[in-house]
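Let me begin by presenting the structure, written as structure tokens, before commenting on it.
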Number of protein chains: 2
Amino acid sequence: MDTYKLFDAEYKFANLIWENEPINSTELVKLSFERLGWKKSTTYTVLRKLCERGILKNEAAIVSSVIKKEDAQRHESQMVIEKSFNGSLPQFLTAFLGERKISKKEAEELKRIIEEAAK
Amino acid sequence: MDTYKLFDAEYKFANLIWENEPINSTELVKLSFERLGWKKSTTYTVLRKLCERGILKNEAAIVSSVIKKEDAQRHESQMVIEKSFNGSLPQFLTAFLGERKISKKEAEELKRIIEEAAK
DNA sequence: AAATTAGGTTTATTGCAATAAACTAAATGT
DNA sequence: ACATTTAGTTTATTGCAATAAACCTAATTT
């Protein structure tokens, strides 16, 4: 199965860790309550699952990520394009932009990113 | 609630219709069985839900789409970028490309799409 | 006129993501 | 020594997407 795939709740949770790692697990419980409204047991349940899938780790009550945000995001973006856009980035871009216009500045930035990948 | 959002099974189903509309409902039942392995009742259940949400319509046993594929795709792509990429297309592009290289040809195509939206 | 097909609806069942209550055991504070 | 805090696990519960069985009625075929 697809160990990289993060469900909605898992993704929100992973973000807390990416933004605060390394973080002590008791601190994480507090943070999850403040930011997600989760009870302690919920936090530990989700934490364990993500550890089992090799996405996070919890060593001596210090939680940190194994898979970095960029990797999860790349995976996510590639899944979407595969599933909904026939694996085609141009098709995705076309759909996303639709009739929307973008500024010269944005266009420059996007072209720069593309240039960089075309080397 | 978000009427445009299509769940996985719904999206696969909608694709059958986008590719074959207008289509008679009995034909659609056959097609769903062949392509998705669905029983008749499953097809009608999903069909009704999508009709209620204004995505499809079923008039005198002729099924067709109200929301076109391009619209659903645009919505989908925008949701992903909002949810996982902070609303930033450059961030998405960067994540998607990662260390991957693309051909000159692809790069040209992508730049053309961007140019078009920058007018 | 009896059987079959077309075109559905009503009402489950299953599976899994999301959430948490209740319990534990070890360490630490008083 | 006792109370509290830390750091969890075990075991539900809930909600909803996905799937389908069973039923229904009108039209068509035999």
Side-chain angles (χ1 to χ4, degrees), chain A residues 1-17 20-65 72 75-76 79-80 83-84, chain B residues 1-17 20-65 72 75-76 79-80 83-84:
Chain A
M1 84 214 69
D2 186 356
T3 131
Y4 267 68
K5 156 124 189 111
L6 293 176
F7 298 103
D8 286 18
E10 291 173 345
Y11 184 74
K12 284 182 209 156
F13 180 68
N15 265 301
L16 291 187
I17 287 130
N20 295 279
E21 66 180 326
I23 182 172
N24 163 270
S25 61
T26 298
E27 284 304 307
L28 182 58
V29 166
K30 275 187 205 135
L31 194 64
S32 297
F33 180 72
E34 286 164 19
R35 304 262 295 264
L36 306 174
W38 288 8
K39 306 291 180 181
K40 187 179 65 157
S41 53
T42 304
T43 295
Y44 277 110
T45 301
V46 176
L47 174 59
R48 188 159 21 77
K49 282 194 169 186
L50 294 186
C51 288
E52 281 164 9
R53 305 216 312 264
I55 290 164
L56 303 176
K57 64 179 182 224
N58 182 8
E59 286 165 342
I62 301 298
V63 176
S64 57
S65 66
H75 185 260
E76 165 81 358
M79 285 301 101
V80 169
K83 194 197 106 205
S84 301
Chain B
M1 85 214 70
D2 186 355
T3 130
Y4 268 67
K5 156 122 188 114
L6 294 177
F7 298 103
D8 287 19
E10 290 173 345
Y11 184 74
K12 284 183 209 155
F13 180 68
N15 265 301
L16 291 187
I17 288 131
N20 294 279
E21 64 179 328
I23 181 172
N24 163 270
S25 61
T26 299
E27 284 305 307
L28 182 58
V29 166
K30 273 186 206 137
L31 194 62
S32 298
F33 181 72
E34 286 163 19
R35 304 263 296 263
L36 306 172
W38 288 7
K39 305 291 178 180
K40 185 179 67 157
S41 53
T42 304
T43 294
Y44 277 111
T45 300
V46 175
L47 175 58
R48 185 159 21 78
K49 282 194 169 187
L50 293 186
C51 288
E52 281 164 9
R53 305 217 312 264
I55 290 164
L56 302 177
K57 65 181 183 220
N58 181 7
E59 287 165 343
I62 301 298
V63 176
S64 58
S65 66
H75 185 260
E76 164 81 358
M79 284 300 101
V80 169
K83 195 197 107 206
S84 300

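Each chain gets a letter, A, B and so on, in the order its sequence line appears, and its residues count up from 1. Fair warning: this is a prediction, and the values are worked out from it, not measured in the lab.
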Query raised in the report: Within this structure, what is the OH-to-C1' distance between B:Y44 and C:dT10, rounded to whole angstrom?
Result: 15 Å
Requested in this report: Provide, to the nearest angstrom, the distance between the NZ atom belonging to A:K49 and the P atom belonging to D:dT10.
Outcome: 14 Å
Query raised in the report: Does the distance from a Lys or Arg side-chain N to an Asp or Glu carboxylate O, for B:K49 and B:E52, drop under 4.0 Å?
Result: no
Query raised in the report: What closest approach, in Å, do B:L6 and B:A14 show between heavy atoms, and which atom pair accounts for it?
Result: CD1-CB, 4.3 Å
Requested in this report: Give the rounded distance in Å between these two atoms: CD of A:E27 and C1' of D:dG8.
Outcome: 16 Å
**Report entry** Side-chain N or O of A:N24 closer than 4.0 Å to phosphate OP1/OP2 of D:dT6
**Finding:** no
Requested in this report: Measure the distance from CG on B:L50 to P on D:dA17 and round it to the nearest whole Å.
Outcome: 12 Å
Query raised in the report: For DNA chain C, what residues of residues 29-40 of chain A have any heavy atom nearer than 4.0 Å?
Result: A:G37, A:W38, A:K39
Report task. Would you indicate which nucleotide in C:dG7, C:dT19, D:dT6 comes nearest to any side-chain atom of A:V46? Result -> C:dT19
Query - Gap between atoms CZ and C1', on B:F13 and D:dA17 respectively (whole Å) - result: 15 Å
Requested in this report: Over 60° means perpendicular and under 30° means parallel, so classify the ring planes of B:W38 and B:F13, tilted if in between.
Outcome: parallel
Query raised in the report: Rounding to a whole Å, what distance do you find between A:L47:CG and C:dA20:C1'?
Result: 16 Å
Requested in this report: State whether the number of non-hydrogen atoms from other residues, nucleotides or ligands found under 6.0 Å of B:K39 atom NZ is greater than 12.
Outcome: no
Query raised in the report: Does A:T42 get its side chain close enough to the base of C:dA18, under 3.5 Å, for a donor-acceptor pair?
Result: no
Report task. Using modelled atom types only, decide if a donor and an acceptor are shared between the side chain of A:R53 and the backbone of A:K5 within a distance under 3.5 Å. Result -> yes
Requested in this report: Look at the side chain of A:T45 against the base of C:dA20 and say whether a donor-acceptor pair falls under 3.5 Å; ignore hydrogens and angles.
Outcome: yes
Report summary line: Smallest heavy-atom separation, A:N24 atom then A:I62 atom, equals CA-CD1, 4.2 Å
Report summary line: Paired with A:V63, the side-chain contact (heavy atoms from CB on, under 4.5 Å) test is passed by just one of A:T43, A:L47, A:N20, namely A:L47
Requested in this report: Return the 5'-most residue of the pair B:F7, A:S25 with respect to DNA chain D, ranking by each residue's nearest nucleotide.
Outcome: A:S25
Report task. State whether B:R48 places a side-chain N or O below 4.0 Å from either non-bridging phosphate oxygen (OP1 or OP2) of C:dG8. Result -> no
Query raised in the report: Taking CD from B:E52 and C1' from C:dT10, how many angstroms apart are they, rounded to a whole number?
Result: 13 Å
**Report entry** Length of the line joining A:I23:CD1 and D:dA7:P, which is rounded to integer Å
**Finding:** 12 Å
Report summary line: The nucleotide from C:dA22, C:dA6, C:dA18 with an atom nearest the side chain of A:D8 is C:dA18
Query raised in the report: If you check the A:A9 side chain, which of D:dA18, C:dT19, D:dG8 turns out closest?
Result: C:dT19
